[in-house]
Number of protein chains: 2
Amino acid sequence: MARTQASDYDQRREAILDHAAELFARKGFNGASIAELAAACKTSKSLIYHYYPSKEDILYEVMASHVEALAEMVETLEKGSGSPRAQLDELIGRFIALYMGAKSRQKVLLDELEYLPDARREAIVGQQRQLVAAVSKLLADIHPALANDKKQLTAVTMLLFGMINWTKNWFHADGAISPQQLAKLATTIMLDGVGGLDVASLKTGVPNPRMRQI
Amino acid sequence: MARTQASDYDQRREAILDHAAELFARKGFNGASIAELAAACKTSKSLIYHYYPSKEDILYEVMASHVEALAEMVETLEKGSGSPRAQLDELIGRFIALYMGAKSRQKVLLDELEYLPDARREAIVGQQRQLVAAVSKLLADIHPALANDKKQLTAVTMLLFGMINWTKNWFHADGAISPQQLAKLATTIMLDGVGGLDVASLKTGVPNPRMRQI
DNA sequence: CCTACCGATCGGTAGG
DNA sequence: CCTACCGATCGGTAGG
């Protein structure tokens, strides 16, 4: 009787991606070897090559699965309601949450993109552009004048992504600030600057005059 | 008679660093080889090893020379005067200018730090902490309440560095926005949010009410 | 400052 | 004739 596909085929494929994400995040794409990946998966190199045709295919799958999750979240939210400010708050909060829930994949997505072959890198970049467009749209809704100044709108959008994507280099979810607080911090600064912050010393009674105008 | 040091010793060392910065920025530390570096310098691998004991030493020198330039700029400015807002404006502007004037070294500093051996990485990180401290100090001067909320001050400072460091991934000095405009954009958002922006459509006459309060 | 090499390890593939 | 998986090793190249 012919052998059929292993019943745990999908789980095995996914397990390889999980270990690859961790390894690529820690040692970089070029610094991590297939031999190490196989060892992490407690299997052989040949088994890895049975599931994926090449090392670059593994890198691509790690990134594609993660950017897909981000894109799906954005699509879900775009059907939502609420004020543009509330929507941006929600969107940034979900970005941070997805970043925290897949730290290795997020780091790989941001740091190893240039090691993908051109065609596949463009596929990922195309997905990322959708994320950028969703944020740009909300910023233009919140501050309509920006809609008439596309270059500045793009720059402001990228500055916002800079705030949240750079968190991979310093933020720890178990620190003094929670992921939700971090998201609120980023959106508040984007919309109102430090003047809009709810700072500890102000919580005791002195109202922040800038908060009144929102 | 014993050979003396080549008269162009320093220039050669520096030329190697320039080519290494470009190569490491483009292919990554692990993706670039010493043979490639030698070819770029139109010399042999052995000559490279005459000037530097190891590949990691070259990486370290690329980063150290650049972070030193950033630290010296900060030291110079810390003796300066002007309002805290003007000082932050000036500081961020100089950061962006130094980033643009050494794009490869800046990219290597941000992207390849984890490939340095621990001790040398800590030396670089120590220098970077001085840069962070200078920005934190100015933010606390501008918004005194933050000085009493260290955790939030740190977070806000890192969000600002996120805005300016992330520019390596999207900003081109020859685009529609100049480096000076970019610096002003980042500081304005940090201090006043998008509401504080001087947007094109507002320049024609409608004053921005939030600008009045600064 | 070069060519000639080294020990090791790379990504990927062979036969069974 | 298919897919699943192993131990061993391929041709090249890495840093030194």
Side-chain angles (χ1 to χ4, degrees), chain A residues 1-17 19-24 26-63 108 112 114-118 120-121, chain B residues 1-17 19-24 26-63 108 112 114-118 120-121:
Chain A
M1 182 178 166
R3 273 184 163 192
T4 56
Q5 186 170 278
S7 60
D8 58 353
Y9 183 88
D10 291 338
Q11 294 100 299
R12 268 182 177 270
R13 265 186 77 92
E14 194 57 39
I16 291 171
L17 288 192
H19 285 105
E22 191 279 330
L23 210 57
F24 291 163
R26 189 157 45 82
K27 311 187 85 172
F29 177 69
N30 282 319
S33 71
I34 295 294
E36 279 178 297
L37 175 56
C41 299
K42 294 187 212 287
T43 183
S44 64
K45 282 203 296 177
S46 302
L47 191 275
I48 303 291
Y49 281 106
H50 172 69
Y51 283 92
Y52 295 98
S54 74
K55 195 186 180 190
E56 280 165 350
D57 280 86
I58 299 173
L59 178 62
Y60 177 74
E61 289 294 332
V62 166
M63 293 178 168
V108 171
E112 314 296 326
E114 57 198 313
Y115 302 114
L116 275 185
D118 287 4
R120 305 201 124 177
R121 188 178 59 247
Chain B
M1 182 180 167
R3 274 188 165 189
T4 55
Q5 187 171 278
S7 62
D8 58 353
Y9 184 89
D10 291 338
Q11 293 100 298
R12 269 183 178 268
R13 265 186 78 92
E14 193 56 38
I16 292 172
L17 287 192
H19 285 105
E22 191 279 329
L23 210 57
F24 291 163
R26 189 157 45 81
K27 312 188 83 172
F29 177 69
N30 281 320
S33 70
I34 295 294
E36 279 178 297
L37 176 56
C41 299
K42 295 187 212 286
T43 183
S44 64
K45 287 200 292 179
S46 304
L47 190 275
I48 302 292
Y49 283 104
H50 171 69
Y51 283 92
Y52 296 97
S54 74
K55 196 186 181 191
E56 280 165 350
D57 279 87
I58 298 173
L59 178 62
Y60 177 73
E61 288 296 331
V62 167
M63 294 178 167
V108 171
E112 314 297 326
E114 57 199 312
Y115 302 114
L116 274 186
D118 287 4
R120 305 198 124 178
R121 188 176 60 249

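Everything numeric here is computed off the predicted structure, so don't read it as measured data. Every chain is numbered from 1, with letters handed out A, B, ... down the list of sequences.
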For [X] and [N], give me the distance from atom [atom1] to atom [atom2], rounded to whole Å.
| X | N | atom1 | atom2 | result |
| --- | --- | --- | --- | --- |
| A/Leu37 | C/dG11 | CG | P | 10 Å |
| A/Asp8 | D/dT3 | CG | P | 17 Å |
| B/Tyr49 | C/dA4 | OH | P | 19 Å |
| B/Leu23 | D/dG15 | CG | P | 10 Å |
| B/Lys45 | D/dG16 | NZ | P | 10 Å |
| A/Ile48 | C/dC10 | CD1 | P | 14 Å |
| A/Asp57 | C/dG11 | CG | C1' | 13 Å |
| A/Leu47 | D/dC6 | CG | P | 5 Å |

Would you indicate which nucleotide in D/dG16, D/dC5, C/dC2 comes nearest to any side-chain atom of B/Thr43?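 Comparing D/dG16, D/dC5, C/dC2 against the side chain of B/Thr43, the answer is C/dC2.
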Closest nucleotide of DNA chain C for A/Pro53 versus for A/Ala35: which of these residues is on the 5' side? A/Ala35
Would B/Arg13 and B/Asp10 pass as an ion pair if we require N to O under 4.0 Å? no
Would you mind reporting whether A/Leu116 and A/Phe29 have side-chain heavy atoms less than 4.5 Å apart?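 Contact flag for A/Phe29/A/Leu116 side chains = no.
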Quick one: does A/Val62's side chain get under 4.5 Å of A/Glu112's, heavy atoms only?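 No, side chains not in contact.
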Between [X] and [N], is there a side-chain N or O to OP1/OP2 distance below 4.0 Å?
| X | N | result |
| --- | --- | --- |
| A/Arg13 | D/dA4 | no |
| B/Ser46 | C/dC1 | no |
| A/His50 | D/dA4 | yes |

Pairs under 3.5 angstrom only: tabulate donor-acceptor contacts from the side chains of residues 35-43 of chain A to other protein residues two or more places apart or in another chain.
unit_1: A/Glu36; atom_1: OE1; unit_2: A/Ser33; atom_2: N; d: 2.9
unit_1: A/Glu36; atom_1: OE2; unit_2: A/Lys27; atom_2: NZ; d: 2.5

Say you pick atom C1' in D/dG12 and the same atom in C/dA8; how far apart are they, in whole Å?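 Going atom to atom, C1' in each nucleotide, I get 13 Å.
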Where is the tightest heavy-atom contact between B/Phe24 and B/Ala32, given as atom of each residue plus distance? CD2-CB, 3.8 Å
Which is true for B/Ala32 with a 4.0 Å heavy-atom rule: it touches a base, it touches only sugar-phosphate, or it touches nothing?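 The residue B/Ala32 makes sugar-phosphate contact but no base contact.
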